[in-house]
There are 2 protein chains.
Amino acid sequence: MKIGIFDSGVGGLTVLKAIRERYKNVDIVYLGDTARVPYGIRSKDTVIRYSLECANFLKEKGIDLLVVACNTASAYALERLKTEMNFPVFGVIEPGVREALRRTKNKRIGIIGTSATVKSGVYQELLKKEGAYVLSKACPLFVPLVEEGLIGGDITRKVIEHYLKDFKGKIDTLILGCTHYPLLKKEIENFLKDVEVIDSSEAISKSLSGYVKDEGNSTLELFFTDFSQNLDFLVNLILGKTLDIKLAEGVFAI
Amino acid sequence: MKIGIFDSGVGGLTVLKAIRERYKNVDIVYLGDTARVPYGIRSKDTVIRYSLECANFLKEKGIDLLVVACNTASAYALERLKTEMNFPVFGVIEPGVREALRRTKNKRIGIIGTSATVKSGVYQELLKKEGAYVLSKACPLFVPLVEEGLIGGDITRKVIEHYLKDFKGKIDTLILGCTHYPLLKKEIENFLKDVEVIDSSEAISKSLSGYVKDEGNSTLELFFTDFSQNLDFLVNLILGKTLDIKLAEGVFAI
């Protein structure tokens, strides 16, 4: 079985890592759209167009199942992808929401993500439908912090305080609604104290269990649309090792 | 006379502002590639491809002269643009360098910019050719800080300290090698003390004087490749007013 995963850039490698840890034998093809990252500041139409191009690239690689690792793409493009692709398509939002609802005790849940993800209202809607009280906040500096490798230290703590101070004491569960954020999980837990922090990458890999047959040759192919400046550093930061990277060509009109 | 200006996003509006202040009558067409911003993290090949598309878009608008407001595009694509366009093309790097050399007393000059700009070595090479001692530093968090509207305050000061602490006492002149950075100029001056801070946007508008005839109808057209999430806010932050914005279509393959 071949699983396709795409993300706006490198953040989705946290999802890849969680999926590989759970399914050792499947073949995986990953596409990071580093030529156009970040999606989180772009308009809905543009996110949909980019997402379709990514999905079509992976479709040509013969995947059996697609995971949209990017929260922004999941928020804006999931329905369209489900309609247009001839294989199952999964986003990261629903699994994160289900996991949060399982873990919360008082149904007071926070959600953080990019501007686009938070503005889409998709998380908030799903949570409110289940009777949760929801606090949300866009945290645009978290992605550049992680991409700088600043996953701890004084600046990171100040930025976390800046965004999350209004959450303190008001929620018992927080969803990390962006694939970059798991790298800040420890510092976020330290700041918020006694809050369950939900990592979507774990949630999505768990939720695939009914659909994935763990059969294959354990291959892993990594494609990116641009050899961006710090690509090797970031792949190493997230996966803990350097891997062969290929330039994705063909489907993209860029 | 019609001047074309392009930038990876909104930062180049600082250049537009400086040009308009100096030349009241010329017609100006601005293009911000907000669908693919930021250029500063991308590879050389990708920056060149994107820059050619932007220049061709403005060429179709009938411009007489092109200003590449983006430092990253100036660093990687200027020569190629000069070869391929049939009108004069100016980048922001040379004017900034000349202004710095005019203002420095001890020829100890600092240059800050995006990862791509600093890595290109273009600033360093031009300065060293003139016998300057050069310190350089990539400051990837400055752009997202500005785009968040965080142009002052505790986090901004911490980030400035993080990047510029090694410059203290070692230079007498600093070039802001990115069009977003003029918005941080005051805080940078406060931190470095007694350092001449060179704003490329002023330098480029000054350096055009031999080429611009200040004639025209004072029109201003703003095009962007995406109505990105905080576009209106940023246009207002930089230009001090809200203006009509048009979506750029046609030339782009995205």
Side-chain angles (χ1 to χ4, degrees), chain A residues 8-10 33-50 53 72 76 114-120 138-150 153-163 224-231 233-234 247 249 252-254, chain B residues 8-10 33-47 49-50 53 72 76 113-120 138-150 153-163 224-231 233-234 247 249 252-254:
Chain A
S8 58
V10 294
D33 193 4
T34 41
R36 304 184 294 194
V37 72
Y39 285 9
I41 56 170
R42 315 215 188 280
S43 67
K44 182 175 180 176
D45 286 352
T46 296
V47 171
I48 291 174
R49 197 165 72 248
Y50 289 0
E53 288 181 4
T72 304
Y76 283 145
T114 64
S115 301
T117 299
V118 170
K119 200 175 156 192
S120 79
C139 307
L141 285 172
F142 280 177
V143 170
L145 271 178
V146 168
E147 301 218 330
E148 261 281 78
L150 290 174
D154 202 22
I155 291 174
T156 306
R157 281 190 291 270
K158 281 259 178 255
V159 175
I160 288 172
E161 189 191 340
H162 171 74
Y163 288 127
F224 291 90
T225 51
D226 185 31
F227 286 126
S228 46
Q229 297 289 331
N230 48 1
L231 188 55
F233 165 77
L234 289 168
L247 196 64
E249 286 174 303
F252 302 92
I254 51 169
Chain B
S8 58
V10 294
D33 194 4
T34 40
R36 305 184 293 193
V37 73
Y39 284 10
I41 56 173
R42 315 216 187 279
S43 69
K44 183 176 179 175
D45 287 351
T46 295
V47 171
R49 197 164 74 248
Y50 289 0
E53 289 181 2
T72 304
Y76 283 145
T114 63
S115 303
T117 298
V118 170
K119 200 175 157 193
S120 79
C139 308
L141 285 173
F142 280 178
V143 170
L145 272 179
V146 169
E147 301 219 327
E148 262 281 78
L150 290 174
D154 202 24
I155 291 174
T156 306
R157 281 190 290 272
K158 281 256 178 258
V159 174
I160 288 172
E161 189 193 340
H162 172 72
Y163 288 127
F224 291 91
T225 51
D226 185 32
F227 287 125
S228 47
Q229 297 288 331
N230 48 0
L231 188 54
F233 165 77
L234 289 168
L247 197 64
E249 285 174 303
F252 302 92
I254 52 172

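Chain identifiers are assigned alphabetically (A, B, ...) following the order of the sequence lines, protein sequences preceding nucleic acid strands; residue numbering begins at 1 within each chain.
Annotation: side chain of A:K44 is not in contact with side chain of B:F227 (no heavy-atom distance under 4.5 Å). No side-chain heavy atom of B:S115 sits under 4.5 Å from any side-chain heavy atom of A:S228. A heavy-atom distance below 4.5 Å is found between the side chains of A:R42 and B:V37.
If you measure heavy-atom distances from A:I41 to chain B, the contacts under 4.5 Å come from both the backbone and the side chain. Contact annotation for A:L150: only side-chain heavy atoms (C-beta onward) come within less than 4.5 Å of a heavy atom of chain B.
Rounding to the nearest 0.5 Å gives a distance of 9.5 Å between CD1 of A:I155 and CD1 of B:I155. The distance from the OG1 atom of B:T46 to the CZ atom of A:R36 is 11.0 Å, given to the nearest 0.5 Å.
Residues forming a salt bridge (Lys or Arg N to Asp or Glu O under 4.0 Å) with A:D154 (at least two apart in sequence, or on another chain): B:K158. Applying the ring pair (Phe, Tyr, Trp, His ring centres under 6.0 Å) criterion to A:F224, with sequence neighbours excluded, gives A:Y30.
Taking B:N230, B:V47, B:D45, B:D226 one by one and counting their heavy-atom pairs under 4.5 Å with chain A, the maximum is reached by B:D226. Among B:E161, B:Q229, B:H162, B:E148, the residue making the largest number of heavy-atom pairs under 4.5 Å with chain A is B:Q229.
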